[in-house]
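For reference, the structure discussed in these notes is given below.
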Amino acid sequence: MKLWNTLSGQKEEFRPQGDPVLMYVCGVTPYDESHIGHAMSYIVFDVIRRYLEFKGYNVRYVQNFTDIDDKLINRARQAGIPVLDLADRFIGRYFDDMDALNVRRAEVYPRVSQEIPGIIDLISKLEQRGYAYPTGGDVYFRVQRDEDYGKLSHRTLEGMQAGARVEVGELKEDPMDFVLWKGAKPGEPQWESPWGPGRPGWHIECSAMAMRYLGPKLDIHGGGHDLIFPHHENEIAQSECATGEAPFARYWLHNGLLRLGEEKMSKSLGNLVTIDQVLTSHSADALRLFVLSSHYRGPLTYNDEALDAADKGADRLREALRPADRPAGVERLDPASQRQRFIDAMDDDFNSAQAVAALFDLARDINRARERALYLTAAQDTLRELAGVLGMTLDPQVRRQLGGVQPAARGSLSRNGAGDAEPFIDLLIELRSNLRVKKEFALADAIRVGLTERGVTLEDSAAGTTWKRK
RNA sequence: GGCGACGUGGCCAAGUGGUUAAGGCGGGGGUCUGCAAAACCCCUAUCAGCGGUUCGAAUCCGCUCGUCGCCUCCA
């Protein structure tokens with residue numbers, strides 16, 4: 001199994017240190033709703049985790065919440081509520097979204113606000129080793145002392161300082177030095193420390209939390225492409241300088257960024273579509289299919305038409321899981337070759353696009369075999385299993401749930417069906433079936449047309465009539 | 001300015017030296033069906049442009065054009 005390592009800039013054979021595989025993925029700063037760029041990232045790492053488990057690894061998966069941060073503090077001030085209350089609120093929303101996307105939970109979700117002692121220890125260690133210095137109430141990391149600084153993002157200090165946007169902080173020894181501890185300002189959350197009251201800087205928390213829950217050497221560290229610099233670069237610097245051990249993480253994995261139109265979707269640009277909004281009109285499987293139909297490292301452009309297409313595709317896969325409508329003969333459809341294609345694709349740096357193609361081909365094989373009355377169950381089990389590795393449920397009920405489902409009601413409705421219309425739809429179908437038996441097709445067709453106009457599509461088969469939302 | 005990525009059919013998107021360039025969506029034709037829907041079958045590309053390397057390139061190299069990302073908070 002090979003994966004692309006941002007650190008080396010090439011594909012490498014995956015060799016974890018041991019069992020379980022230690023995996024850390026940077027989480028969100030919970031100051032607002034999550035958007036589909038977040039969905040993309042966490043779907044990608046969810047699939048990576050699921051695939052590792054499929055391959056027989058145990059995975060210890062940790063994801064953080066950065067619940068102390070400038071934006072969070074500002075938002076909380078605007079809203080007139082405590083910072084951690086605001087964080088709690090959006091952490092709750094985050095879990096709702098991830099659950100709706102069928103993203104499996106991490107084993108631990110450490111929060112900065114609860115990890116302060118570990119952070120202070122880490123900064124102290126850096127200070128003792130000469131990698132950190134206090135000044136004006138803050139503590140900075142001394143990049144000049146770290147010979148390897150820039151190795152993840154593949155740039156040099158000289159190259160970065162040539163950038164016009166670097167501002168020289170008056171108290172910093174070097175413009176590229178970054179803050180480990182911020183001195184307290186009035187009205188902000190603060191903790192006591194050897195350098196006076198304050199709060200952690202942005203990058204140190206991930207080092208502290210990753211090391212506390214996974215130890216000084218991770219197998220996989222993941223996040224969005226936009227975290228490579230400065231966040232992950234700084235994480236490496238802090239961690240390796242503090243422990244004296246390298247590498248901090250053996251494999252650095254980064255997903256490409258989601259774009260809306262010609263720009264990256266981001267909170268600061270304000271051009272975002274929330275996960276909640278997308279799931280109002282598209283299934284979670286469709287969103288996953290959309291994300292996984294292209295390679296995780298490349299950029300992906302969101303548009304609603306693409307999601308519509310993904311919905312149709314997801315429907316096609318669901319369709320193949322329908323039970324056989326005739327008794328099967330002795331001949332059996334063997335899914336082994338498509339299964340192998342799927343594995344070969346995923347083994348090659350998680351090439352989910354090709355894996356998805358294998359799934360669609362398997363679906364076609366099943367549909368063909370159905371017409372020839374072959375034994376389908378084994379192949380359908382394989383399709384369900386492999387789709388499951390990609391986190392897709394292919395739940396046949398899903399098509400009934402979309403449309404007219406309000407976001408607020410999503411949580412409850414997603415468990416038990418379409419809501420109020422369902423019994424009436426069933427009644428109309430029963431009526432229509434009776435009319436068809438009597439060959440009163442004009443009336444029967446009128447019912448079908450009427451339902452179609454209201455977004456309900458009927459499908460007749462030997463086994464009876466089924467329906468789904470458009 | 002520095003570093004990097006990308007440009008494949010109507011749309012989305014795999015493929016990074018060599019049999020017929022995956023797959024999805026869309027479109028056209030057909031089979032099945034009372035008619036539909038679904039499914040199945042057939043058709044729908046020579047890979048931004050130019051030049052080079054090679055027996056052979058979408059795939060390697062150079063240039064041009066275009067798009068995007070990072071260098072500041074960001075998944």
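Chain letters run A, B, ... following the sequence lines, proteins first and then strands; every chain starts at 1. Here the structure is a predicted model, which means the values were calculated and not measured.
Searching all strands for a Watson-Crick or G-U wobble partner of B:U33 with both distances below 3.5 Å returns nothing. Base pairing analysis places B:C55 opposite B:G18; the two distances defining the Watson-Crick or G-U wobble pair are each below 3.5 Å. Base pairing analysis places B:A38 opposite nothing; no Watson-Crick or G-U wobble pair with both distances below 3.5 Å involves it. Nucleotide B:C6 forms a Watson-Crick or G-U wobble pair with B:G66, both donor-acceptor distances falling under 3.5 Å.
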For this session: Begin from the C-alpha positions of A:H231 and A:D226 and carry the test side-chain hydrogen bond (donor to acceptor under 3.5 Å, both in side chains) through to its verdict.
Result: CA-CA 9 Å; A:H231 186 57; A:D226 52 354; over 6 Å; no

Problem set entry | Criterion side-chain contact (heavy atoms from CB on, under 4.5 Å) on A:V47 and A:M346, from CA distance to verdict | CA-CA 10 Å; A:V47 168; A:M346 292 298 282; 3.7 Å; yes

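Residues from residues 66-74 of chain A placing a heavy atom under 4.0 Å of any atom in RNA chain B, listed by number, are A:K71.
In this structure, CZ of A:R288 is placed 24 Å from P of B:C12, rounded to the nearest angstrom. Across the protein-nucleic acid pair, A:Y31 atom OH and B:C73 atom C1' stand 7 Å apart, rounded to whole Å. With rounding to whole Å, A:L152 atom CG is found 18 Å from B:C3 atom P. Spacing between atom CZ of A:R322 and atom P of B:A37 amounts to 15 Å, rounded to whole angstrom units. Following rounding to the nearest Å, A:R155 (CZ) and B:A5 (C1') show an atom-to-atom distance of 13 Å. Straight-line distance from the CD atom of A:E319 to the C1' atom of B:C40: 13 Å, rounded to whole Å. Distance, A:Y296 OH to B:A75 P: 19 Å, rounded to whole Å. Straight-line distance from the CG atom of A:N303 to the P atom of B:C11: 12 Å, rounded to whole Å.
Backbone-only engagement by A:G27 is indicated by non-hydrogen atom pairs under 4.0 Å involving sugar-phosphate atoms exclusively. The residue A:H154 sits close only to the backbone: its heavy atoms come under 4.0 Å of sugar-phosphate atoms, none of a base. Nucleic acid contact for A:H35: base, since at least one base atom lies under 4.0 Å from a heavy atom of the residue. Using a 4.0 Å heavy-atom cutoff across all strands shown, A:L458 reaches at least one base atom of the nucleic acid. Here A:Y42 lies in heavy-atom contact (under 4.0 Å) with sugar-phosphate atoms only. Contact annotation for A:R259: backbone-only contact, meaning every heavy-atom pair under 4.0 Å involves sugar-phosphate atoms and none involves a base. Residue A:G223 is classed as a sugar-phosphate contact, given heavy-atom separations below 4.0 Å to backbone atoms only.
Taking the six-membered ring for Trp and the full ring otherwise, the centers of A:Y31 and A:F90 sit at least 6.0 Å from each other.
The side chain to side chain donor-acceptor pair (under 3.5 Å) check on A:E319 picks up A:R322, with sequence neighbours excluded. Qualifying ring pair (Phe, Tyr, Trp, His ring centres under 6.0 Å) partners for A:Y24, counting only residues two or more places apart in sequence or in other chains: A:H221. For the ring pair (Phe, Tyr, Trp, His ring centres under 6.0 Å) test, residues two or more places apart in sequence or in another chain that qualify with A:Y42 are A:Y94. Qualifying side chain to side chain donor-acceptor pair (under 3.5 Å) partners for A:K71, counting only residues two or more places apart in sequence or in other chains: none.
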Exercise. How does protein contact run along nucleotides 22-31 of chain B, one letter per nucleotide 5' to 3', with B for base contact, S for sugar-phosphate only, - for none, heavy atoms under 4.0 Å?
Worked result: BSSSS-----

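Nearest to the side chain of A:N351, among B:C71, B:G69, B:A14, sits B:A14. For A:N255, counting side-chain heavy atoms from C-beta on, the closest listed nucleotide (B:A14, B:C40, B:A75) is B:A75.
Ion pair A:R250/A:D219 flagged as a salt bridge, since at least one NZ, NE, NH1 or NH2 atom sits closer than 4.0 Å to an Asp/Glu carboxylate oxygen. Ion pairing between A:D315 and A:R318 holds under the 4.0 Å rule for side-chain N and carboxylate O.
The two residues A:M23 and A:L52 make their nearest non-hydrogen contact at SD-CD1, 4.3 Å.
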